[in-house]
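The structure appears below as C-alpha cells.
Lettering of chains follows the sequences in order, A, B, ..., and the numbering in each one begins at 1. All values derive from a computational prediction rather than experimental measurement.
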Amino acid sequence: MNNQGRPTAPGTVEDNELPTISGDRGLQHEVSLIFELGRPGMTGVDIPEVQMSDARLGGLRRKGPVGLPGLSEPEVIRHYVRLSQLNYSIDAGLYPLGSCTMKHNPRLNEKMARLPGFADVHPLAPQQTVQGAFEAVSELMRWLTTLTGMPAVAMSPKAGAHGELCGLLTIRAALEARGEKRHKILVPSSAHGTNPATAAVAGFTVQEVPATEDGHVDADALEAALGPDVAAIMLTNPNTCGLFEPRIKEMADAVHKAGAYFYCDGANFNAIAGRVRPGDLGVDAMHINLHKTFSTPHGGGGPGAGPVVLSAALAPFAPLPLLVHDGNEFQMIEHADEASDGAKPFGRMCAFHGQMGMFSRALTYMMSHGADGIRQASEDAVLSANYILASLKDVMSAPFGEGPCMHEALFDDSFLEGTGVTTLDFAKAMIDEGYHPMTMYFPLVVHGAILIEPTESESKESLDRFIHVLRTMALEAKAGQTARFEGAPRLAPRRRLDETAAARKPILRWKPKELPQAAE
Amino acid sequence: MNNQGRPTAPGTVEDNELPTISGDRGLQHEVSLIFELGRPGMTGVDIPEVQMSDARLGGLRRKGPVGLPGLSEPEVIRHYVRLSQLNYSIDAGLYPLGSCTMKHNPRLNEKMARLPGFADVHPLAPQQTVQGAFEAVSELMRWLTTLTGMPAVAMSPKAGAHGELCGLLTIRAALEARGEKRHKILVPSSAHGTNPATAAVAGFTVQEVPATEDGHVDADALEAALGPDVAAIMLTNPNTCGLFEPRIKEMADAVHKAGAYFYCDGANFNAIAGRVRPGDLGVDAMHINLHKTFSTPHGGGGPGAGPVVLSAALAPFAPLPLLVHDGNEFQMIEHADEASDGAKPFGRMCAFHGQMGMFSRALTYMMSHGADGIRQASEDAVLSANYILASLKDVMSAPFGEGPCMHEALFDDSFLEGTGVTTLDFAKAMIDEGYHPMTMYFPLVVHGAILIEPTESESKESLDRFIHVLRTMALEAKAGQTARFEGAPRLAPRRRLDETAAARKPILRWKPKELPQAAE
Amino acid sequence: MRYLPLTPDDRSAMLNKIGVDGIDRLFRDVPHSAVVQRSIFDLPDTQGELGVERALTKMAAKSKVAGSLPFFCGAGAYRHHVPSAVDHLIQRSEFLTSYTPYQPEIAQGTLQYLFEFQTQVALLTGMEVANASLYDGSTATCEAVQMAQRITKRGKAILSGGLHPHYAETVETVAGLSGTVTRSPVTPGKAEDIIALIDDQTACIVVQSPDVFGLIRNLKPIADAAHAKGALLIAVVTEIVSLGLIEPPGAQGADIVAAEGQSLGVGLNFGGPYVGLFATREKFLRNMPGRLCGETTDAAGKRGYVLTLSTREQHIRREKATSNICTNSGLCCLAFTIHLSLLGEEGLSRLARANHARASALADRLADIKGVELATQAFFNEFTLKLPRPAASVVDALAEKGIVAGVPASRLLPHDKDVRDLLIVAATETNTDEDCDALVHALSEAVA
Amino acid sequence: MRYLPLTPDDRSAMLNKIGVDGIDRLFRDVPHSAVVQRSIFDLPDTQGELGVERALTKMAAKSKVAGSLPFFCGAGAYRHHVPSAVDHLIQRSEFLTSYTPYQPEIAQGTLQYLFEFQTQVALLTGMEVANASLYDGSTATCEAVQMAQRITKRGKAILSGGLHPHYAETVETVAGLSGTVTRSPVTPGKAEDIIALIDDQTACIVVQSPDVFGLIRNLKPIADAAHAKGALLIAVVTEIVSLGLIEPPGAQGADIVAAEGQSLGVGLNFGGPYVGLFATREKFLRNMPGRLCGETTDAAGKRGYVLTLSTREQHIRREKATSNICTNSGLCCLAFTIHLSLLGEEGLSRLARANHARASALADRLADIKGVELATQAFFNEFTLKLPRPAASVVDALAEKGIVAGVPASRLLPHDKDVRDLLIVAATETNTDEDCDALVHALSEAVA
Ligand SMILES: Cc1ncc(COP(=O)(O)O)c(C=O)c1O
Ligand SMILES: Cc1ncc(COP(=O)(O)O)c(C=O)c1O
C-alpha cells in the first residue's frame, strides 16, 4: 500500500558524534550517484569493436554521446551492493504493511522462474516451440479459477490496477453487448486509490459509498445508490479496514438485480484463499495480485501481475490474447476472429501475453503449498492479525472494536491523543527498533490509521517481539516519555527527509555540471 | 592473511545513547543463535514421511534426537540474511589485506561454476561420461603451466598450505629416488606461518634464514646455510614484505648446486603473473592460490585451491591422480601402475581430483582476462600498491624506503611512536571509516607491520579516498588528536571483542540449558 | 509446510490469547453458504521442493529455448546478453523483497537507483525528465496518448502504421475511451505520409522508430508539423539499444517518448515482466503518469531521495489522478539500470554497433537468396524480408529444423493481405556466425 | 578489460605521483633475463562474457549431468537435493566475498555461523567440540591420525579395510611420515576383526561407518578395545546424512570423528570443494587442527564471537602448530549449516529415513535379479552387489544406455581380485521410482 509517506518537512537535527573522515560509518557507506563516478572510455562489458558503416542508418546516426558514465564491473557491483545495504527487506525483518501482503518470497520461485524453458522464450516464437511455457500459464489458470470458483481468467493484466481496468473494460463490453451505456461506478470511501482512478481511466464517473461506524460498506446506502446508470460496484473484500463484508452476498444480489456488475478488488485475497471462493459470493470480476497473495516479490515497487477472474456473464468479453487447448496442443489466440464462437474480446490490455515471470513464480508457490497449504496460509494470516489486535488493543485504539479482523489489524491514532506523538512519529520510531513501519493514514475512513498486516510468514516468537516493542512504545508515549519519537528515526541511514522541499522544486535527475570540474 | 587479530582484551565502553526496546538499531539487527529459535516438529524442508523398518540398520538406529532446532524457511532465510548484514565484504568496500589478494570476484565465475556439466558431476562417474569436466581441468592446467613456464602441475591440493605440502612431498620423493635423505628446509624469517608448519608436517626440520635490512632474504646467509642436509628452501616471491627478491636466480642456482630444491610460495603471484615466469627463475615447485591470484572467492575463509606447478626434475613424482589425454579422450589415472613409464607418484593428497568448483571459476577468470589482461592486472596491482606507498610514505613510515614495492605496500608503526596509538588502534579506527583494516603485525620482520594490498580492482578514485582517510588519520594521530582511535570501532555492529577471555575459558558451541526453560 | 512458521501449539496459544476456541470463529463474517472445505478444490496438497522442481523442470523442457538454437525473433522483444552481475544483484534480498520506497529513511537504495534510472532514461531518449517506469512499452504508449489528450484537451490520436500492432491495439482499447484513435495504414519498409493526417483536432501523432518492420523513421519533420498544429509527437521505441547508435527522439522534437526497456537487463521472459520507459519535457511534468523520485535532504542535511509529486497519483488524487498505476516495474528498472551502468557510454555504443553490423551483414546475405527481397533499407538490428511464399509457412518449416527465423508479419496483422509474405528478422550480438549460416542455408532451401 | 578500473590516464597520473616514467621501473628488481613479453604466452587475449560463456557452456555440455539420468554413484560423494535457499544465501556478497573473520567487529556474520556450524557438527557426531572445518573428509581423517599420534605419542595407525581407499591412501601418504600406517585387508560386506590388530604401540584405529561398501559398523567394541590399550578410535563418516538415523560415533565411544560434509548443502562438484568435519572430546581441544570460533563479549558487554585458541595454529605457532591448514572450507560450512538449519531435527530424520527406505527397496529389487547378490546386509543408503561379471564392464555397458549404475569396487581397489565383481550402489531421495526401474531393468539385461 501506498499511503505511508505523508509529506514531511522535518526540522534539522544536530549530530554530536565525532564525524568520520570518509563520511562512511562502519558498514554503512555513503553512495555517490553513478554519474559522479566513472571515467570516459571505461566499461564493465567487453564487447569487441566492429567495423560498421553508416549507410543503413537513414542519415540518423546519433550525433553526440548519450552522457553515460563509464565504470568497470567491480565498481558497478560495489555501487549496487552498497545501495542495497541502505534498504529494509522482508528477508531481513517483519514488514507489516497493511494491504501490501509482504509475505515470504520463497527462493524456489526464483529458481523456477529462471528455467530457460520459461525465461529464455520469446513471446512471438512459433507457438509449437513454446508449449512448455503455455502449459505453465494454463496450469496457473487452473489454480486461479479453481481457488476462486470462477469459470474464466484473463491473464494479461500487469498488476492490480491494470487488472481493475481489465475488469471494468470487460464490464463495459458486457453492457455494450446488452446495448446499455451505464456511466457510474460505486466505490466505497475506504477503497484503495486505484479503484476510483481506474474507474476514471475506464471512462466512468465515480460515486462514493460511505462506510458504517463499524468499518463496513454501508449496504443500505449502496442499495440506495444503485440505479440504471450504475455499471458496477468496486468493492474490496476483505475490505481495507481488514474486515470481511458480512452483507456481501446481499449487496451482490442487489447489484445484479439492478443490472450492474460486481467488481471485487482482490488485493486482500490472502485472508480467504482456500477457504472462501469469491465466485460463491456473487463476484463478477476480481483481480488477483500475484505479488501479494501468491508471493511474487515486490521488488522495490514491482513488477507484479494482476490476472482477473471472470464470471460466466463476463467471460466472453475477456481481452486478447486467449490461451486455448485444442486437445492436441496449446494455442494462443491473438486476434478476435480466431476465437471460438461467442467470444467477444473487448480488445487488448498490452503487448504479448502477460507477466510470465510472475506466473512461473506464483505457480511454484501454489504447487508448493497445495490447496491445503494455501488454506492454512490464509488461516495463519488471519490468526496472526487477530493475535496482534488482541495483544495491542488495550494500549492502542482499535476503531472497530473487539474484532475479529481478517488478515490485518486496524488502529487509529486516538491512543496518541494529547501525547504530541503522531502516527507518523510512532511509525518512524519503529524504524529505530528494526521494524518497517506499518501502513499509515490508510484507509482514509479512520483518523491517523495504523494498518498492520503481519501475514502468515511470521513465527509466534517474531510476533511476540513485535507486540512487545509496540506495547512498550504505546505505553511510553502515553506516559509522556516521547524521547524516542522526537525526530525519529535516529539509527537509519537517513533522518527524516524533506518531502515538501522535494515537491516544491523537483530535482528528478542528475544533470552534468555546467562548468567542467576542476581537476583534483 | 591471518595475523590481523592480535588478542585484545578491551576495556568496557559506555553508551550514552537512548537504547532501543528491541535491541536492534535501524537496519542492524541483533541475531539470536539458531539454537535459541525454532520449535519441535517445524522444518524448512518438506520431505514426505516414509514407511521404514529397522531391519537393515544392524541394530544401530539412533537412540535419541540430534538436538537440532526446527525452523521454517522464512526464519532460516532471515537468520542468514541478518547475519550477512554484520559482515564486511569486497563487494561493499576496499579490502586491503596484504598477502590475501582480496580482488574482485567476477560474477561470471559463479555462473560458470554452476553449469551442471561442471557442478552436478560425480568424481567417480564413469570417465567417459565426464569428459567436459576433464576438459575444463585440462584447460586450466594449460593456463597454469604456460603462465608459470613450468612443465607440469599437480591439481589436487585444496589450498595454498596443502599445495606447500604437496610440493615438499614431491621434493621428498625426488630426493628418495636419488637415494638421499635430507631433513632440513630453509625458511626465511619473513615467511608465512604455513611454510614452517608445512615443513614440519612433511617431516622436515626448519631452519630460519634472516632478512636483510632492506626486507630481502639474506642471500649470503642462505648460501651459507646450504649443505647436504638441506632438502629445499621455501621462498616467497615477491616476498611477504611486498618486494621482489633481486637475487632470486642467484639463490636458485646456489640451491640447485647444493643438491636442494627451490620451493616457491606462490601466494603473491598476482604481482607478476603474465610478466614473469617462475620457471625462468629456477623454481622447482610453486603452489598457486587460485583464491588469490585467480579470483575464486574467499568465502569467509575458504574453500580455495592450491595447484602446484612442478619443474621437469620434480614432475615425475607428482601425486595421484593424473589427468592425461590419450589422443582420443581424457583419462584420470588413479593408480600408480596405470601411469606412464617414468611416473613415480608419491601418493595421494586427498580423495578424488581436487577443487573442481574452484577450477571452473579460475578458468573463467583466465579466459575473461586473457594473457594480456592477466599481465595488465599484475601491472595495475603493482602500480596501485606503489601509488599508495608514494602517497603515504611521508606521513606513515615505510621501513624499506622509497620503493618501488610490488603488489603490496609495507609500513611499520614507527610513525605512531609516542602517540599512544597502536597499529591495532589505527586498524580499528579504519573500520569506522568504512574500511576493512589491512594486514597487521605480519610479516614479523618489521615492528607493528601494516601491510596494504589494494589489488588491481580499485579505481583511482577509490585509492584516492583511501589515501585521504589514512593520511588524515596519521596526521591526527601524530598531532595528538587520538579521539577516533580510542576504543574504536564505535560504529561497527560490535565494539572490540574480548579475545583473551574467549581463549581463557573457551565456549566453542551452544549447549542446551540444563533446566527446561520456563514457559513465556 | 516449510513456509509457515506457526506450529499447532503456537496456533492454540494464539487462539487462546484472542479468546476464541477455533479458527472458524475468526471467519464468522463469512456467509455460511460461502464457507468451503478443502475437498471442494480439485487441487493437489503440499509438495516439497524436489517434487515441484521435477514437475516444473519437465514442463519447461517442452519449450524450445531461444539460446539453444539459431533464433531471430524480435518485433518488440529482443534477445540480448545480460551480464551475470545483473541477475546476481537484483536477487539481493534488500532489492528483491522490499516494497515501494514509501519510507525513505530505510529505502535509499531503491530510491537512489530510481533516480539514476530516471536520469539514464532521460539521457538515452534525449528528454528532460523521465519517470520511475510503467509496466511496459505498450502501456507506456497508451499512457502517453492519454497524457497528450489531457495536455492538448483534444481527443484525436493518430497512430503510425509502423507502430507495433500490439501497441496500436492497446492504445485503441484504452485511449479509445478518452478520445478517438486512428491507425494509418501499414507501409512496410516505407515511411507513410503521416503529416497529412494531422489536423487541429489532433492531440498527438504516435510514431515508432525503428518501426515494427525495422525501419528507422525521421521524426523531425513530423514533430514540426505536429507542433505547427498544436499537437504532440509521441515517439515509441521498442528496441532501446538502438538509441546507442541512432539520434534520440528528444533531439528530433518528440514531446513524449514511450519505450520498452526489456532489451537491457530484463530478458525475454515470454513477454513479461518488461519495463516501460517514459520521458517527456519538463513543462509537462505535472501531467506525467507514474512514480517520480526526487532529490532532497534529510534533517541532518544529508542528500537523500524521496518519491515526489505524488499529488499526481491515484493514492492521493484518486479519480483525478494522471493514471491508475500503482505497482510498476521496480525490479526491472533495477536490472535495466545495472545493465546500462555496466555498459556505460562506450559499452552501449559498441553493443549498438555490434548489433547493427550483425544485422546488416545478415540482411545482405539473406537478400542474396533468390526470390528474397530486403524490404527495409534503413534499420538498426531488425529488418523485413519479402519472401516468395507466405512467411508463416516458412517460419514453421524452419522451426521444424530447429531454426527460428523471425516473426511473420501476418502473425501481427493477419488481415492485411499485403504483409502475408513478409518476415521480420532481428539479429543481435547473441547470434553467432553459425546461427546466421544456418538461417541463410535453411531459408535458401525453404524458398527454393 | 571490464574488471580493471584504471584507465590509461589514471595509470599515467599514478606513475607520475610515484615519480617513475613507466611501469617497467616498478619491476626493476626482476632479473632482466626473466622479463617476458606478452607474446611468449601461447594463450588468448581478453574475452567478453558472451564468448567465455559460450565456450564453457559447450565444454560443460560434454559431461553427462548426474541429475539428468538414473544415477547411483556414491562411494564418498552423494547426490542430495539442496534447498534453493542455500545457494541464494551463500551467494550474498557479504558471505561470498569476505575473508577469514580476523576482524570480528565486522565479521560477526561469519563468526556466528561458524559457531553454529561447530555446534551442529558436535551434535550430529555426538562429540563435545568441533572445529570450523577442514578441507574434506579425507584430509580430516589424515589430520585425525596425526592428532592421535601427537596425543598418544605413538606412531602406529591401523586403518580398517572398510575405510574409503582414497582416504586410506591419503593417510598413508601424509600420516605415514609421522608414524606407520597399516591397512587391514578388505572384507566387503563384513566387519573385519580389527580389534586383534591393536597393540600398545597403536596410536589409533580408523574405522569408517557406514564403510566404503555401505556396511554400518558397530564401533563400541572397537572403542573399548582401543581404549584398553591406550589407543584412540577415529570414526570416519563419508555420508553425514546417515547420522540422522544411525547412532552417532560419539555415543559409541569414538575419540575423534572425521567426516565428509558434502552431502549437506555442497553438492557433487566433481569432487571438490567439499567440507571436512572434525569433532573430538573437550580434553583433546588444544591438540585439534583447524580454526575454532568461540563466544565472548565486546567492550559494550554484548555477546559476540571471535576466532580463538589460535595459539594452536600455523600463523602463531609456525612449525609447532597442530596443522598447517590456513584457508579451510568456509563457504561450504555455510552451505552445510544452512541446509541443516532448514532441515532441523524433523527434516533430517525424514531425509535419512527416506534415503534408507529408498536404498532398501532398491537393494531388494536388485538382489532379486538372477546372479546378483546383496553383499551388504546392514546399510544406510548405499550397498554393495556381487555381480556375475566384472562390475566395471557392467557399469560401462549401462553408461552407454544412459544409466550410471554405481561405482565398481575395482575402480578404488584395482589390485584386489576379490572385489572385481562388486558394484557399490547408492540411492538417495533424488532417485525416482523411474530411475530405480531403469536400473533394475538394465542390470537384469546386462547380467542375463
Ligand atoms: C486494496 C488494493 N487494491 C488495489 C491495489 C493495486 O494493486 P497494484 O499495486 O498491483 O496495481 C492495491 C495495492 O497496493 C491494494 O492494496
Ligand atoms: C604468503 C602466503 N603463503 C601461504 C598461504 C597459505 O595459503 P592458503 O591459505 O591457501 O592455505 C598464504 C595465505 O594466507 C599466504 O599469504
*For chain B, which of D:Val306, D:Thr139, D:Ile23 has the most heavy-atom pairs under 4.5 Å?*
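Between D:Val306, D:Thr139, D:Ile23, the count favours D:Ile23.
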Please classify the contact of [X] with chain B as side chain, backbone, both or neither, using a heavy-atom distance under 4.5 Å.
X	result
D:Leu285	side chain
D:Arg38	both
D:Leu243	both

Practice problem: Taking the side chain as every heavy atom from C-beta outward, state whether B:Leu281 and D:Pro31 have any atom pair closer than 4.5 Å. | Solution: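 Yes, at least one pair of side-chain atoms sits under 4.5 Å.
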NZ of D:Lys62 to CD of B:Glu135: how many Å apart, nearest 0.5 Å?
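These two atoms lie 3.5 Å from each other.
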B:Asp498 versus D:Thr297, side-chain donor and acceptor atoms under 3.5 Å: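 Side chains of D:Thr297 and B:Asp498: no pair found under 3.5 Å.
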Are D:Ser341 and B:Tyr80 close enough that a side-chain donor and a side-chain acceptor fall under 3.5 Å?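 There is such a pair between these side chains.
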Hey, mind stepping through B:Val81 and D:Leu89 against side-chain contact (heavy atoms from CB on, under 4.5 Å) and telling me if it holds? CA-CA 7 Å; B:Val81 166; D:Leu89 290 167; 3.7 Å; yes
Please check if the side chain of [X] supplies one atom and the backbone of [Y] the other of a donor-acceptor pair under 3.5 Å.
X	Y	value
D:Glu105	B:Arg494	no
D:Thr100	B:Gly300	no
D:Glu116	B:Ile34	yes
D:Asn324	B:Ala197	no

* To do: Please state whether the rings of B:Phe352 and D:His166 are parallel, tilted or perpendicular, taking 30° and 60° as the class boundaries.
  =>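 Perpendicular, since the angle between the ring planes exceeds 60°.
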Find out whether the Lys NZ or Arg CZ of B:Arg275 is both under 6.0 angstrom from the six-membered ring centre of D:Phe27 and within 45° of the ring's axis.
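So B:Arg275 does make the cation-pi contact.
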Residue pair B:Glu49, D:Arg353: steps toward the salt bridge (Lys or Arg N to Asp or Glu O under 4.0 Å) verdict | CA-CA 8 Å; B:Glu49 189 59 74; D:Arg353 283 177 279 145; 2.5 Å; yes
task: Check step by step if side-chain contact (heavy atoms from CB on, under 4.5 Å) holds for D:Leu43 and B:Leu147.
output: CA-CA 9 Å; D:Leu43 295 167; B:Leu147 285 171; 4.0 Å; yes
**OP:** Pick one of side chain, backbone, both or neither for B:Phe346, based on which atoms fall under 4.5 Å of a heavy atom in chain D.
**Re:**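 Both parts, heavy atoms under 4.5 Å.
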